[in-house]
Protein chains: 2
Amino acid sequence: MARATIQNWQTSLPPGDCAACPIRKFAAYAGASRGSLKFLRSCRLGERVLPPKRNIYREEREADELFTLYDGWAFTYKLLPDGRRQILDFLLPGSFIGLHVLWFKAMPHSVQSLTSVSLCVFDKEKFRDLLRRKPEYERELLKYSASCQALSDERLSDLGRRTAKERIARLILEIHDQLADRGMVDRGSFPFHVRQEHIADALGLTKVHVSRTLQGLRHEGLVEIGRQTANILDLRGLRELTGFTERRALQLC
Amino acid sequence: MARATIQNWQTSLPPGDCAACPIRKFAAYAGASRGSLKFLRSCRLGERVLPPKRNIYREEREADELFTLYDGWAFTYKLLPDGRRQILDFLLPGSFIGLHVLWFKAMPHSVQSLTSVSLCVFDKEKFRDLLRRKPEYERELLKYSASCQALSDERLSDLGRRTAKERIARLILEIHDQLADRGMVDRGSFPFHVRQEHIADALGLTKVHVSRTLQGLRHEGLVEIGRQTANILDLRGLRELTGFTERRALQLC
DNA sequence: CGGATTTTTGAAAACCATCAACGCGGGTGG
DNA sequence: CCACCCGCGTTGATGGTTTTCAAAAATCCG
């Protein structure tokens with residue numbers, strides 16, 4: 001518990017003013033006009049800091065708050081009745097969390113923190129009002145939702161039609177590319193707060209097989225995964241392994 | 001070719017007036033106000049009929065039309081460079097097709113007809129205008145997009161964490177439930193225009209293994225899949241097999 | 001240093017893929 | 001009208017990828 005407290009201090013808080021928010025350009029409402037940001041701010045209930053392994057939402061439960069992940073990592077997942085877990089997506093700073101609460105009685109999935117996280121908290125009803133009064137947010141969210149869907153379709157192709165090696169290589173590259181956008185990659189090295197068990201549950205594998213496959217990638221000199229960091233040794237080779245197809249489809253008109 | 005022509009005639013066309021459209025209540029813009037339907041109608045370029053196995057979109061290509069599937073079945077898919085195919089979703093009457101063209105330079109996936117289909121065709125630019133002028137359509141589409149995402153997350157859990165038998169049972173039930181909403185199920189029997197190879201490519205299996213698994217389900221007296229129809233013999237048993245978890249999460253607030 | 005978490009290793013088995021051949025039926029063409 | 005062909009489903013034998021189970025080693029953290 002003391003540990004959690006310490007970690008809280010390591011996690012930076014979002015500024016009070018959305019216009020000054022450094023991660024806003026990665027958020028769902030990135031394109032919102034400056035003038036409308038004060039409406040966004042009025043939906044904010046404040047910020048919240050959570051230690052690792054805490055649930056932000058729980059599947060099949062109601063909720064009346066939405067979030068933007070400001071700092072830290074999290075993931076969305078579903079649990080089968082017998083305990084099998086499917087991780088749907090990893091969430092990095094800027095991710096919009098909880099779109100579903102706007103219409104659905106219960107959340108269709110759970111969300112859990114991976115590191116300590118800090119969140120912007122929005123009130124459901126106020127956010128609904130925001131959408132009614134400022135349609136530009138609806139447009140931004142719709143675009144955001146469509147691009148998330150495209151990423152999710154890529155993951156579906158991974159699970160359905162790619163080998164374990166390809167899946168793992170692509171997951172590492174996906175995280176790499178997202179962090180590179182945010183300027184968080186230093187000569188192939190970047191933070192990597194995902195354990196092998198998370199990789200397994202995201203990619204439909206067992207942790208044992210993830211361990212073996214990761215060793216394979218290391219022995220081929222492609223990538224090393226350390227405790228909290230990843231290090232891509234041969235970006236070219238890693239991309240070749242995955243068949244090149246890198247997010248051409250996501251360019252905007 | 002004569003065949004294709006004949007099939008065209010078997011496919012019914014949507015009415016000119018959206019307000020009179022019988023499948024509108026299953027469409028993305030189901031909740032649109034009656035008054036705004038004339039704007040929707042003004043986006044329509046007309047209707048189009050295609051024979052089976054024709055592409056409506058092609059991955060990585062540009063497009064300037066959107067569609068609503070009025071009659072017939074289709075599916076969305078992605079192709080890997082070496083020919084492996086992943087079917088992302090099956091589309092039934094009412095499905096909105098091509099949300100992505102509103103923002104993205106290229107389609108992130110392909111769409112192909114399974115039977116002969118008839119489509120309402122919308123112009124991209126006019127549809128963009130519609131969204132600007134009638135924000136209620138944006139809201140409806142956002143809700144639609146969120147519910148599609150929830151279904152897609154279910155599929156991801158299938159591929160990642162369920163056995164072949166569970167996956168197939170759930171796919172059949174998903175189609176059953178959607179058709180039941182539309183009143184197209186008659187004592188467990190319903191149209192089923194999906195070949196075993198499509199099931200395989202949707203669920204990350206081979207057609208051989210789908211064949212064997214389907215036989216298993218038949219021998220257990222659960223379900224029979226014929227040429228163009230499915231027949232659920234034991235709905236209770238089939239649902240039990242999948243672990244009950246039936247779309248509780250999708251109830252609206 | 002000790003306890004919990006995470007990763008690694010090994011052996012055996014399950015599940016599913018692959019390959020190849022055959023059967024069946026509906027539509028086409030002779 | 002019948003034979004043929006093609007698409008689709010079935011079957012069997014075999015092999016590979018991945019899982020399972022169990023235990024040890026390594027790492028982290030207090």
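A note on names: the letters A, B, ... follow the listed sequences, proteins ahead of strands, and every chain is numbered from 1. Quick caveat, the model's predicted, so the values are computed rather than measured.
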Any side-chain N or O of [X] below 4.0 angstrom from OP1/OP2 of [N]?
{"X": "B:R227", "N": "D:dC8", "answer": "no"}
{"X": "A:R218", "N": "C:dT7", "answer": "no"}
{"X": "B:Q196", "N": "D:dG7", "answer": "no"}
{"X": "A:Q215", "N": "C:dT9", "answer": "yes"}
{"X": "A:S211", "N": "C:dT7", "answer": "no"}

Go through D:dT18, D:dT20, D:dT10 for me and flag the one nearest to the A:T206 side chain.
D:dT20
Mind checking if [X] touches a base, just sugar-phosphate, or nothing, with heavy atoms under 4.0 Å?
{"X": "B:R212", "result": "base"}
{"X": "B:G204", "result": "sugar-phosphate"}
{"X": "B:L205", "result": "sugar-phosphate"}
{"X": "B:K165", "result": "nothing"}
{"X": "A:R84", "result": "nothing"}

Residue pair A:R161/A:V194 against DNA chain C: nearer the 5' end by closest nucleotide is A:V194
Write down the distance between [atom1] ([X]) and [atom2] ([N]), rounded to a whole number of angstrom.
{"X": "A:D201", "N": "C:dT6", "atom1": "CG", "atom2": "C1'", "result": "14 Å"}
{"X": "B:H209", "N": "D:dA13", "atom1": "NE2", "atom2": "P", "result": "17 Å"}
{"X": "A:I199", "N": "D:dT18", "atom1": "CD1", "atom2": "C1'", "result": "16 Å"}
{"X": "B:D82", "N": "C:dA17", "atom1": "CG", "atom2": "C1'", "result": "15 Å"}
{"X": "B:I225", "N": "D:dC8", "atom1": "CD1", "atom2": "P", "result": "16 Å"}
{"X": "A:R162", "N": "C:dA17", "atom1": "CZ", "atom2": "P", "result": "17 Å"}
{"X": "B:L203", "N": "C:dA17", "atom1": "CG", "atom2": "P", "result": "11 Å"}
{"X": "B:L114", "N": "D:dG7", "atom1": "CG", "atom2": "C1'", "result": "14 Å"}

Heavy-atom nearest nucleotide on DNA chain D for B:K207 versus A:A164: which residue maps closer to 5'?
B:K207
Residue met sooner reading DNA chain D from 5', once A:V208 and B:G226 are mapped to nucleotides:
B:G226
Between [X] and [Y] (judged by ring centroids, cut-off 6.0 Å), do the two rings come close enough to count as a pair?
{"X": "B:H193", "Y": "B:H198", "answer": "no"}
{"X": "A:Y77", "Y": "A:H109", "answer": "no"}
{"X": "B:F67", "Y": "B:Y57", "answer": "yes"}

Between B:T163 and B:E166, does any side-chain donor sit less than 3.5 Å from a side-chain acceptor?
yes
Decide whether B:S118 and B:T11 meet the rule of one side-chain donor and one side-chain acceptor closer than 3.5 Å.
no
Distance between P atoms of D:dT18 and C:dC19 (Å, rounded)
16 Å
Please lay out, stage by stage, how A:D82 and A:R84 fare under the test salt bridge (Lys or Arg N to Asp or Glu O under 4.0 Å).
CA-CA 6 Å; A:D82 64 356; A:R84 285 174 285 181; 3.0 Å; yes
